[in-house]
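Read the structure below first, then the notes.
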Amino acid sequence: MLRSNWQISSVKQFPLEIILIIVGVFLLSFSHLFVRFSEQEISPVTITFDRFFVSTAILTLGYFVQSLIKFPVAESSLQRPTRQAIPLFIISSILGSLTAGLLALSLLYTSIANASTFCSCTPIFATLGGWLFLKQNFSGRFLLGMAIVICGSILISIEGFQESSLTWIGDLLALLSALTYAANYLVREKLRADFSSDTILYWYCLCSSLLLFPITLVMGDQFFPRTLPVWLAIIGLSLFCQIIAQMLIINSLKKFSSGYITLFQKLGPIISACLAWLFFGEVISLLNGLSVGIVVLGIYLASTSQVSKSEEKAHETTA
């Protein structure tokens, strides 16, 4: 009873923050579409580099304009990383680059719906990390959710293998993307205690651009798109998915735990599947739709078992 009352009260207490998280998740769902469209012209490595480079350019321009008009800001002013925080920013940039790169690569082999579903396994990996490194215990609900996720993933892989023998590669890459995303969430949550959301986002994008520049150069890929439609897709990916969506989600870490926020990301696969059907004509079969639903249900059960426990403890501490 305490758990459900605390979850309900947190929604009532922060209605605007909850809405902003949902908006962030909705915008983030478009990243799969922008990446799939851009892959018609440029490689996954180039897409990942352009994503962070253009984001850094937009943020730098924003700070420059802000300094000219001297707009009064409070928490949104850019901060310099402290010596102790620099390793965390570098780790976050490496993990973020891997997440974006693996996602872009996965969409060469699998559908948007499948990639989005496997990317939503972030809470599972976050909990496993807590078990490995923090000696946290599993609840029965988590094990049930884990079993459901495995069963749903097997169904998705079986149908994908019937369509193409390479689909499982894309599914695996998307799953690895969820793993690096979960690790990055934990790093960002630690950074959020000392830095503003736009500070984290700016240095994260800048460091990621510097990390990806030599990789793009060595691979011999073109650095930027050649056509206007792909340029617009990269700008949309950077502005809406990387800057606005990520800033909304990072900012919410000040009031909510990373585990609580990932609950709202269960909407991602549903939104992405609908957008893929609308813009790319990706047809979702009955078995695939059922499999995606099973995985989302399993992730929900697993993540709520851990989140509700942590929220309960927090509530008991403040009571």
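Small disclaimer: the values here were computed from a predicted structure and weren't measured.
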(request) Taking R36 for its side chain and L107 for its backbone only, find out whether a donor-acceptor pair lies under 3.5 Å. (result) yes

(request) Run through the side-chain heavy atoms of Ile, Leu, Val, Met, Phe, Trp and Tyr, join any pair under 4.5 Å, and report what else lands in L232's cluster. (result) L228

(request) Enumerate the residue pairs fulfilling side-chain hydrogen bond (donor to acceptor under 3.5 Å, both in side chains) with a member in residues 81-96, sequence neighbours excluded, ordered by first and then second residue. (result) S92-N184

(request) Verify the ring-centre separation between F195 and W203: is it less than 6.0 angstrom? (result) no

(message) Please report whether the ring centroid of F34 lies less than 6.0 Å from that of F240.
(response) no

(message) Would the distance check show the side chain of S31 and the main-chain N or O of C241 forming a donor-acceptor pair, the cut-off being under 3.5 Å?
(response) no

(message) Once side-chain hydrogen bond (donor to acceptor under 3.5 Å, both in side chains) is applied, do any residues pair with Q40, and if so which ones, sequence neighbours excluded?
(response) none

(request) Not counting sequence neighbours, which residues clear side-chain hydrogen bond (donor to acceptor under 3.5 Å, both in side chains) with S177? List them please. (result) none

(request) Applying side-chain hydrogen bond (donor to acceptor under 3.5 Å, both in side chains), name anything that partners S106, two or more places apart in sequence or on another chain. (result) none

(message) Looking at L212, is its backbone amide N or carbonyl O close enough to the side chain of T216 to form a donor-acceptor pair, meaning the two atoms are under 3.5 Å apart?
(response) yes

(request) Identify the heavy atoms of F223 and T46 that sit nearest to each other, and give their distance. (result) O-CG2, 3.4 Å

(message) Under 4.5 Å side-chain heavy-atom separation, chaining through any Ile, Leu, Val, Met, Phe, Trp or Tyr, what else clusters with I90? Say none if it is isolated.
(response) I86, I94, L98, L211

